[in-house]
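First comes the structure, then the notes that go with it.
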Amino acid sequence: MRSLAVALTLLAAVAAAVAAVAASPWWWTATVPLAALGLLGLYDLLQRRHSVLRNYPVLGHARFLLEKIRPELQQYFIERNFDGRPFDRDTRSIVYERAKGTDAEEPYGTERDVYATGHEFLVPSMAPRPVPDEPPRVRIGGPDCTKPYDMALLNVSAMSFGSLSAQAVMALNKGAAAGGFAHDTGEGGLSEYHLRHGGDLVWEIGTGYFGCRDKDGGFDPGEFADKAGLDNVKCVSLKLSQGAKPGIGGVLPGAKVNAEIARVRDVPQGRTVVSPPYHRAFGTPRELVRFVARMRELSGGKPAGFKLCVGSRGQFLAVCKAMVEEGTTPDFIIVDGAEGGTGAAPLEFADHIGTPLTEGLITVHNALVGAGLRDRVRIGASGKIATGSDLVKRMLQGADYGNAARAMMFAVGCIQAQRCHTNTCPVGVTTQDPRRARALDVGDKSARVQRLQSATVASALQIMASMGVGDASQLRPHMLRRRIDPYTVRSYEELYDWLSPGQLLAEPPASWAADWAAADPDHF
């Protein structure tokens with residue numbers, strides 16, 4: 001009753017105001033806005049969804065407006081250069097500058113607190129080495145691979161067509177072609193936009209087997225073989241899990257499954273598509289190893305591997321045991337850190353599920369070393385690699401090469417608006433809205449992708465040279481230090497266990513013995 005009385009009073013006031021201004025010479029400019037505000041206030045009083053608006057009609061909308069633009073206010077006016085999330089202003093700036101080919105140097109020293117707990121630094125040498133004239137490449141392909149591939153030190157990480165616009169996919173691929181590095185397709189299928197500009201591809205398939213699925217949603221070996229045999233496809237990758245949301249699948253609403261996406265993914269148009277959280281093609285570590293070997297065979301001998309966000313160390317050791325017993329290995333393993341995340345994910349998964357990249361890399365590297373397999377398997381690192389120092393740290397922790405997703409998105413115009421899952425990306429990167437996507441110029445952005453990759457690799461080589469290292473294989477754990485309290489600094493050699501080749505097969509150290517003993521190649 002009280003709300004109704006207030007509403008009637010407000011309506012009467014609006015009517016009186018409208019009548020008053022109607023008698024004045026400027027009535028025609030004031031009547032419509034006043035009437036609109038009055039009706040808005042009336043609606044606010046009578047609606048039941050928002051308590052704020054019932055108590056503060058009209059004015060309460062300011063609260064929702066400020067909440068809507070909070071990320072922009074935070075990013076542009078409040079955040080310091082080094083404390084933004086997921087990527088701070090300094091990192092975004094250096095990526096933008098390198099992508100544009102402009103100066104990426106800063107004056108007046110670091111703004112970071114180098115005495116803060118957790119601060120990390122690389123160790124320079126008193127005898128630096130010259131920077132190599134040409135960046136080295138990493139040979140991907142173990143003894144079972146007949147068509148090895150020489151991978152660049154930094155590549156485009158997995159991002160699917162569908163999550164990215166066609167223009168963004170083309171810009172990434174054209175940049176990869178110009179710069180001679182690889183472009184991971186993501187699990188959304190192999191589209192014409194991945195193939196149009198001739199860039200080297202790592203074709204990734206996930207639990208939905210998009211692009212190589214039968215009518216029941218299972219793996220179709222014939223279609224896989226046809227597409228994996230394309231010249232552009234240099235490697236094939238099986239996605240077990242991703243850093244943003246390990247352990248769950250995905251749902252693509254039917255409204256988003258247009259004719260083009262349906263064709264690329266081998267799914268019915270207009271029908272909701274569910275990617276399960278698990279693979280139907282295998283169910284044990286041994287079956288996983290055999291399936292990867294089958295992918296390599298079906299592709300005609302091209303490198304085959306898998307990607308995962310590390311969880312249980314015992315489960316990964318079970319896969320290593322399966323490799324040893326089967327006598328075959330993947331040619332590469334991509335370790336995705338829990339801090340990764342181009343795809344939208346539930347907050348609980350993004351914040352609390354999965355192993356961060358540092359511990360994930362060290363676990364995978366040591367497990368392969370201890371099982372005597374490290375020389376057969378190359379390791380890729382994926383998760384917030386944006387600068388040369390990021391790349392050097394990851395190679396020091398066990399990776400052979402790196403993949404970048406969000407840094408590449410910055411290169412094609414991303415402004416970290418964090419609207420990726422809404423189809424309203426303001427710069428046309430993560431949208432299927434043609435009007436928004438047309439803003440992204442493929443020619444300009446592909447050049448930026450190429451420049452970013454080249455400058456970042458050059459920075460990594462310059463850093464290694466300053467450390468007295470001529471090749472990434474010479475990087476050692478003692479070259480990276482972490483402050484663990486105000487008075488103590490420890491090297492990675494001291495902070496983590498580092499196994500020797502074959503140690504798990506001979507005599508596992510006490511810290512690994514229980515997990516190794518419990519690892520079962522026939523059960524996850």
Side-chain angles (χ1 to χ4, degrees), residues 120 122-123 125 136 138-145 151 153 285-286 288-289 292 305-306 308 310-335 337 355-381 391-402 464 467-482 484 489-521:
E120 292 186 346
L122 296 160
V123 178
S125 172
V138 180
R139 174 62 58 95
I140 309 291
D144 300 320
C145 176
M151 188 77 73
L153 292 184
R286 192 183 304 276
L288 163 62
V289 171
V292 173
F306 63 83
L308 83 164
V310 176
S312 163
R313 184 171 71 174
Q315 287 186 337
F316 188 79
L317 289 174
V319 177
C320 291
K321 277 189 174 180
M323 295 179 200
V324 172
E325 293 186 10
E326 291 293 314
T328 186
T329 67
D331 299 294
F332 62 91
I333 295 173
I334 300 170
V335 181
T355 304
L357 186 53
T358 293
E359 286 75 19
L361 272 177
I362 292 173
T363 295
V364 170
H365 169 76
N366 274 296
L368 292 172
V369 169
L373 303 168
R374 184 64 179 89
D375 61 330
R376 300 178 57 162
V377 184
R378 296 292 174 260
I379 298 176
L391 187 56
V392 172
K393 285 182 180 181
R394 298 316 181 189
M395 291 191 293
L396 188 150
Q397 292 164 355
D400 295 294
Y401 65 94
M464 286 193 288
M467 298 168 66
V469 171
D471 185 83
S473 64
Q474 299 171 353
L475 291 168
R476 295 293 180 268
H478 71 267
M479 297 176 178
L480 178 58
R481 310 284 171 87
R482 180 189 294 170
I484 60 174
V489 173
R490 293 280 185 267
S491 73
Y492 267 60
E493 187 174 52
E494 300 170 284
L495 290 172
Y496 296 93
D497 292 331
W498 299 90
L499 304 187
S500 56
Q503 188 175 357
L504 290 174
L505 302 175
E507 186 176 352
S511 59
W512 286 71
D515 283 341
W516 180 252
D520 183 353

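Computed from heavy atoms alone, side chains included, the values below leave out hydrogens, waters and symmetry copies. FYI, the numbering just counts along the sequence from 1. Computed from a prediction, not measured in an experiment: that's the story for all the values here.
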Problem set entry | Interatomic distance, Leu317 atom CG to Asp520 atom CG [nearest 0.5 angstrom] | 12.0 Å
For this session: Rounded to the nearest 0.5 Å, what's the gap from CG on Leu122 to CE on Met464? Could you check?
Result: 10.5 Å
For this session: Establish, from distance only, whether the side-chain atoms of Arg394 and Thr358 form a donor-acceptor pair under 3.5 Å.
Result: yes
Exercise. Do Val392 and Val469 have side-chain heavy atoms sitting under 4.5 Å apart?
Worked result: no
Exercise. Can you list the residues that meet the side chain to side chain contact (heavy atoms under 4.5 Å, CB included) rule with Thr329, with sequence neighbours excluded?
Worked result: Met323, Leu373, Arg376, Val377
Exercise. Is any NZ, NE, NH1 or NH2 atom of the basic residue among Asp400 and Arg374 found under 4.0 Å from an Asp or Glu carboxylate oxygen of the other?
Worked result: yes
For this session: Identify the heavy atoms of Ala381 and Leu361 that sit nearest to each other, and give their distance.
Result: CB-CD1, 3.8 Å
For this session: Answer whether the closest heavy-atom distance between the side chains of Ile362 and Trp498 falls below 4.5 Å.
Result: yes
Problem set entry | Side-chain heavy-atom pair Phe332, Val138 within 4.5 angstrom cut-off | no
For this session: Would you check, one step at a time, whether the test side chain to side chain contact (heavy atoms under 4.5 Å, CB included) holds for Phe306 with Val289?
Result: CA-CA 10 Å; Phe306 63 83; Val289 171; over 6 Å; no
For this session: Run the numbers on Leu480 and Lys393 for side chain to side chain contact (heavy atoms under 4.5 Å, CB included), then give the verdict.
Result: CA-CA 7 Å; Leu480 178 58; Lys393 285 182 180 181; 4.1 Å; yes
Problem set entry | Thr355 side chain near Thr363 side chain, heavy-atom distance below 4.5 Å | no
Seminar exercise, completed: On a heavy-atom basis, the closest approach of Pro136 and Leu153 is O-CG, 3.7 Å
Exercise. With a 4.5 Å limit on heavy-atom distance, are the side chains of Leu391 and Met395 in contact?
Worked result: yes
For this session: Please list all pairs passing the salt bridge (Lys or Arg N to Asp or Glu O under 4.0 Å) test where one or both residues lie in residues 313-326, with sequence neighbours left out.
Result: Arg286-Glu325, Arg286-Glu326, Arg290-Glu326, Arg313-Asp515
Problem set entry | Residue pairs fulfilling salt bridge (Lys or Arg N to Asp or Glu O under 4.0 Å) with at least one residue in residues 503-513, sequence neighbours excluded | none
Exercise. Say you draw a straight line from CG of Leu308 to CD of Gln315; how long is it, rounded to the nearest 0.5 Å?
Worked result: 10.0 Å
For this session: Compare every heavy atom of Gln397 with every heavy atom of His365, then report the nearest pair and how far apart it is.
Result: CB-O, 4.3 Å
Problem set entry | Gap separating the CZ atom of Arg481 from the CD atom of Glu120, nearest 0.5 angstrom | 12.0 Å
Problem set entry | Any side-chain heavy-atom pair of Leu504 and Leu499 under 4.5 Å | yes
Exercise. Where is the tightest heavy-atom contact between Val335 and Gly360, given as atom of each residue plus distance?
Worked result: CG1-C, 3.8 Å
Exercise. Once the angle between the rings of Tyr492 and Tyr496 is folded into 0 to 90°, is it parallel (under 30°), tilted (30 to 60°) or perpendicular (over 60°)?
Worked result: tilted
For this session: Identify the two heavy atoms, one from Ala519 and one from Ala318, that lie closest to each other, and give their separation to 0.1 Å.
Result: CB-N, 3.5 Å
For this session: Give the minimum heavy-atom separation between Ala371 and Cys320, together with the two atoms involved.
Result: CB-CB, 4.2 Å
For this session: Taking the side chain as every heavy atom from C-beta outward, state whether Val310 and Glu359 have any pair of such atoms under 4.5 Å apart.
Result: no
